[in-house]
Amino acid sequence: MKDAVAVTLLTGFLGAGKTTLINHFLSHHADASVAILENEFGAVNIDGALLRGGDNVNVVELSNGCVCCSVRGEFTAALSELLAQRERGELTFDRLIVETTGLADPAPIIQTFFVEEALREALRLDAVITLADCHHISRQLDEHPVAASQLGFADRILLTKADTCDEQQHSEALARIHQINNKAEIYQIENGVCPADLWLDINAFALSDGNGLTQGFHAIRATDQPAPPRFTPFKEIKRSWNDAIQAHVFEAGWMDLHKAGAFMEQCVERYGNDMLRYKGVLAIAGNPQRLIVQGVHKVVGFDYGSAWSEAETPRSRLVIIGRYLPVEELRAAFAQAAA
């Protein structure tokens, strides 16, 4: 995995600004050695023609369908062919950006990088980046379930077109996004201007000690030299939305290793299909190290992280982004796993 190509999955509903973001990256990183896998729903790929890359940019276009519907077919074949051309020296790229159609559900795309053995060895999924159109996201969430899925899988969310919204629209969009996914950092950007290190090389799928919760969003100034991110806490909005996908936080103190393992096993077995993303940092009785858990649907990984310091009060925290989950039942079962 050390030499695996880092893959960024770029998703977001139609018109959110994915191609604009890529073009800004390409215009400011002319020497970038990158392959871009473009997908368009229809027989003609318009977005691919809009990309402005240099000699080191390789664009592969998938058209007449969306990659989420053809994971075992054209998408997997395109990835395999890219790797074969790289092996033969016909293509040179150090990273891969997959831009999905705005109608794609990220779930089967993400799973491809874990269940296909040949791809798993050669490609390393770095992060899922979701763009959200501030002006239209509420309507999109009301009318298109896939919009919520795109947000739910995100490791980082880029809020676009906020300059077309009034303060109330802006606050409600942020609150609703945060209700669906309180794990992802949210950065507000304009015209695709976003420092590359905010959406590339995030290493989001590595097992790490972070608790996985974000507390606010960051606004980026649209200039060639962006100012440092401006952090703003989320405003309380006295309104709830009935989005099927929501983020849930489970907390406890020290946990029994076997009980915690049984809890996770039952969750994945019974509800894995409805658990989009989940991550936990657990305090295990009798072990000084954090136990890290992270998963996508029924693909889950565990590892021990750093030790708790004497200044810390060890706490177990699990974040699950899912749909139609029996939250109170899961909350009680999580509590029963306490040591």
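What's counted below: heavy atoms across the whole structure, side chains too, no hydrogens, waters or symmetry copies. Residues take their numbers from the sequence shown, with the count starting at 1. Bear in mind the structure is a predicted one, so any value in this text is a computation, not a measurement.
The environment of CD in Q289 is crowded: more than 12 heavy-atom neighbours from other residues, nucleotides or ligands sit within 6.0 Å. Other residues, nucleotides and ligands place no more than 12 heavy atoms under 6.0 Å from the CD atom of E117.
A salt bridge is defined here as a Lys NZ or Arg NE, NH1 or NH2 lying under 4.0 Å from an Asp or Glu carboxylate O, and E251 with R317 meets this definition. Between D155 and K279 there is no salt bridge, since no side-chain N of the basic residue sits under 4.0 Å from a carboxylate O of the acidic one. We find that E143 and R139 are joined by a salt bridge, their nearest charged nitrogen and carboxylate oxygen being less than 4.0 Å apart. Between D201 and R95 there is a salt bridge, since a side-chain N of the basic residue sits under 4.0 Å from a carboxylate O of the acidic one. With salt bridges taken as basic N to acidic carboxylate O contacts below 4.0 Å, none links E265 and R270.
Between F263 and F334, the angle of the ring planes goes over 60°, which puts this pair in the perpendicular group of the 30/60° scheme.
In plain terms, the two heavy atoms of L325 and M275 that are nearest each other are CD2-CG, 4.2 Å. The heavy-atom pair separating A260 from L282 by the smallest distance is CB-CD1, 4.3 Å. E121 approaches A4 most closely through the heavy-atom pair O-CB, 3.9 Å. What you find for A132 and I177 is that their closest heavy atoms are CB-CD1, 4.1 Å. Taking every heavy atom of both residues into account, D197 and R156 meet most closely at O-NH1, 4.3 Å. The nearest pair of heavy atoms linking F13 to A147 is CD1-CB, 4.1 Å.
A heavy-atom distance below 4.5 Å is found between the side chains of S306 and R290. Residues L291 and L257 meet the side-chain proximity criterion, which asks for heavy atoms closer than 4.5 Å. Side-chain contact between V249 and N182: present, with at least one pair of heavy atoms (C-beta onward) separated by less than 4.5 Å. You'll find the side chain of L9 reaches within 4.5 Å of the side chain of P106, heavy atoms only. Residues L330 and C267 are in side-chain contact: their nearest non-hydrogen atoms beyond the backbone lie under 4.5 Å apart. Taking 4.5 Å as the limit, every side-chain heavy atom of L37 sits out of range of all side-chain heavy atoms of I97. Residues L96 and T8 form no side-chain contact, since every pair of their non-hydrogen atoms from C-beta on lies 4.5 Å or further apart.
To the nearest 0.5 angstrom, L123 atom CG is 11.0 Å from E116 atom CD. Residue T19 holds its OG1 atom at 8.5 Å from CG of L10, rounded to the nearest 0.5 Å. Considering CG of N181 and CG of D243, their distance stands at 12.0 Å, rounded to 0.5 Å. Going from atom CD of Q179 over to atom CG of L174 covers 13.0 Å, rounded to the nearest 0.5 Å. Here the CD-CD distance, from Q150 to Q140, works out to 8.5 Å after rounding to the nearest 0.5 Å. In this structure, L151 CG and I186 CD1 are separated by 8.5 Å, a value rounded to the nearest 0.5 Å.
Hydrophobic clustering, with ILVMFWY side chains joined whenever heavy atoms are under 4.5 angstrom apart, keeps I202 apart from Y278. Using a 4.5 Å cut-off between side-chain heavy atoms of Ile, Leu, Val, Met, Phe, Trp and Tyr, with links allowed through other members, I129 and I189 fall into the same hydrophobic cluster. Hydrophobic clustering keeps V281 apart from F302 (ILVMFWY residues linked when any side-chain heavy atoms are closer than 4.5 Å, directly or through intermediates). Cluster membership for I180 and Y324, using ILVMFWY side-chain heavy atoms within less than 4.5 angstrom, is not shared. Residues V293 and F114 are members of separate hydrophobic clusters, defined by side-chain heavy-atom contacts under 4.5 angstrom among Ile, Leu, Val, Met, Phe, Trp and Tyr.
Not a single donor-acceptor pair under 3.5 Å links the side chain of S171 to the backbone N or O of Q168. Judged by distance alone, the side chain of K18 and the main-chain N or O of E99 form no donor-acceptor pair under 3.5 Å. No donor-acceptor pair under 3.5 Å is formed between the side chain of K183 and the backbone N or O of R277. Judged by distance alone, with hydrogens and angles left aside, the side-chain atoms of S316 form a donor-acceptor pair with the main-chain N or O of G253 at under 3.5 Å. A distance-only check finds a donor-acceptor pair linking the side chain of H135 to the backbone of T164 [under 3.5 Å]. Of the possible polar contacts, none joining the E81 side chain to the A78 backbone as a donor-acceptor pair under 3.5 Å is found.
Aromatic rings from F25 and W199 are positioned such that their centres are separated by under 6.0 Å.
Side chain to side chain, R124 and N203 meet the donor-acceptor criterion of an N or O pair below 3.5 Å. A side-chain donor-acceptor contact under 3.5 Å links E312 and S309. Between the side chains of E185 and H218, a donor-acceptor pair is found at a separation under 3.5 Å. A donor atom on one side chain and an acceptor atom on the other are not found under 3.5 Å apart for S138 and E172. With 3.5 Å as the limit, one finds a donor-acceptor pair spanning the side chains of D105 and S149. T92 and R86 share no donor-acceptor pair across their side chains, judged by distance under 3.5 Å alone.
Residues satisfying the salt bridge (Lys or Arg N to Asp or Glu O under 4.0 Å) criterion with R323, sequence neighbours excluded, are D274. With sequence neighbours excluded, the residues that form a ring pair (Phe, Tyr, Trp, His ring centres under 6.0 Å) with H297 are F153.
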Derivation and outcome, side-chain contact (heavy atoms from CB on, under 4.5 Å), residues L200 and D126 = CA-CA 8 Å; L200 297 173; D126 181 70; 5.6 Å; no
side-chain contact (heavy atoms from CB on, under 4.5 Å) between V7 and F113, worked out: CA-CA 9 Å; V7 181; F113 294 98; 3.8 Å; yes
- Show your reasoning for whether side-chain contact (heavy atoms from CB on, under 4.5 Å) applies to N287 and Y304. CA-CA 10 Å; N287 194 312; Y304 280 105; 3.4 Å; yes
(Q) Pair L119, T112 - check side-chain contact (heavy atoms from CB on, under 4.5 Å), show working. (A) CA-CA 8 Å; L119 299 180; T112 301; 3.7 Å; yes
Determine, step by step, whether R176 and D142 satisfy the salt bridge (charged side-chain N to carboxylate O under 4.0 Å, His left out) criterion, reporting the C-alpha distance in whole Å, the side-chain angles of both residues, the deciding distance to 0.1 Å, and the verdict. CA-CA 11 Å; R176 191 166 184 181; D142 290 337; 2.7 Å; yes
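Identified under the side-chain hydrogen bond (donor to acceptor under 3.5 Å, both in side chains) test for residues 326-339, with sequence neighbours left out: Y271-E329.
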